[in-house]
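To keep things clear, I will list the structure first and then write my remarks on it.
Each residue takes its place number in the sequence, starting with 1.
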Amino acid sequence: MIPEKLLEVLKHEGVVAIVSQGDTAHVVNSWNSYVTVTKDGHLLIPAGRMKQTEENVKMNPQVLLTAGSREIPGFQSMGTGFLVEGTAVFLDEGPDFEVTKERFPWIRAVLKITPLTVNQTL
């Protein structure tokens with residue numbers, strides 16, 4: 001489900017934006033290099049803080065995520081981006097948490113996103 005071009009984007013540094021909706025919309029940022037794509041197509045993102053995102057996800061698991069890179073060709077020129085729509089959960093134990101904590105010892109949780117749609121935007 002994750003397009004090869006998005007996997008290429010995640011190999012180059014850039015900003016990832018994650019939008020959640022609770023009582024109000026909330027946006028938090030991470031880095032492309034922090035995102036791990038699992039064999040079954042989930043996105044794992046280390047969470048050091050993301051407290052408002054976590055509260056929103058408890059109320060409404062639907063999230064949006066954008067990622068991009070100027071280093072990967074897009075539709076018409078260099079630079080491409082993606083919009084991922086999916087559902088999310090925060091994990092503080094289990095295999096996905098443990099594998100992410102090995103890479104990022106500072107985390108308190110892992111944001112696990114199940115993509116429902118993935119669209120190239122640029």
**OP:** I would like to know whether Met59 and Asp23 meet side-chain contact (heavy atoms from CB on, under 4.5 Å); could you show each step before the answer?
**Re:** CA-CA 9 Å; Met59 293 172 27; Asp23 292 331; 3.5 Å; yes
Counting heavy atoms not belonging to [X], are there more than 12 under 6.0 Å from its [atom1]?
X: Asp40; atom1: CG; value: yes
X: Arg103; atom1: CZ; value: yes
X: Gln62; atom1: CD; value: no

Rounded distance (nearest 0.5 Å) linking atom [atom1] of [X] with atom [atom2] of [Y]:
X: Thr66; Y: Asn119; atom1: OG1; atom2: CG; answer: 13.0 Å
X: Ile107; Y: Lys101; atom1: CD1; atom2: NZ; answer: 5.5 Å
X: Thr117; Y: Glu85; atom1: OG1; atom2: CD; answer: 3.5 Å
X: Ile45; Y: Ile113; atom1: CD1; atom2: CD1; answer: 4.0 Å
X: His12; Y: Ser33; atom1: NE2; atom2: OG; answer: 12.0 Å

**OP:** Could you give me the CA-CA distance, side-chain angles and deciding distance for Glu55 and Lys58, then say whether salt bridge (charged side-chain N to carboxylate O under 4.0 Å, His left out) is met?
**Re:** CA-CA 5 Å; Glu55 290 303 312; Lys58 286 178 186 174; 3.4 Å; yes
Please answer: with hydrophobic residues joined when any side-chain heavy atoms are less than 4.5 Å apart, are [X] and [Y] in the same cluster?
X: Leu65; Y: Leu7; result: yes
X: Val57; Y: Phe97; result: no
X: Val27; Y: Val84; result: no

Is it the case that the side chain of [X] and the backbone of [Y] share a donor-acceptor pair, with hydrogens and angles ignored and the cut-off at 3.5 Å?
X: Arg108; Y: Asp92; value: no
X: Gln21; Y: Asn56; value: no
X: Asn32; Y: Lys11; value: no
X: Lys5; Y: Pro73; value: yes

Tell me the closest heavy-atom pair linking [X] and [Y], and the distance in Å.
X: Ala47; Y: Phe90; answer: CB-CE2, 3.8 Å
X: Pro115; Y: Gly41; answer: CD-O, 3.2 Å
X: Leu122; Y: Phe75; answer: C-CD1, 3.2 Å
X: Met50; Y: Ile18; answer: CE-CD1, 4.3 Å

Heavy-atom side-chain proximity of [X] to [Y] below 4.5 angstrom:
X: Phe104; Y: Val110; result: no
X: Thr36; Y: Val99; result: no
X: Phe82; Y: Val9; result: yes
X: Asp96; Y: His42; result: no
X: Ile2; Y: Leu10; result: no
X: Thr80; Y: Gln120; result: yes
X: Leu43; Y: Val37; result: yes
X: Val35; Y: Ser30; result: no

Original post:
For the side-chain contact (heavy atoms from CB on, under 4.5 Å) test, which of Asn60, Leu64, Val63, Val28 pairs with Ser20?
Top reply: Val63
Subject >> Full working for side-chain contact (heavy atoms from CB on, under 4.5 Å) between Val16 and Tyr34 >> reply: CA-CA 9 Å; Val16 170; Tyr34 283 15; over 6 Å; no
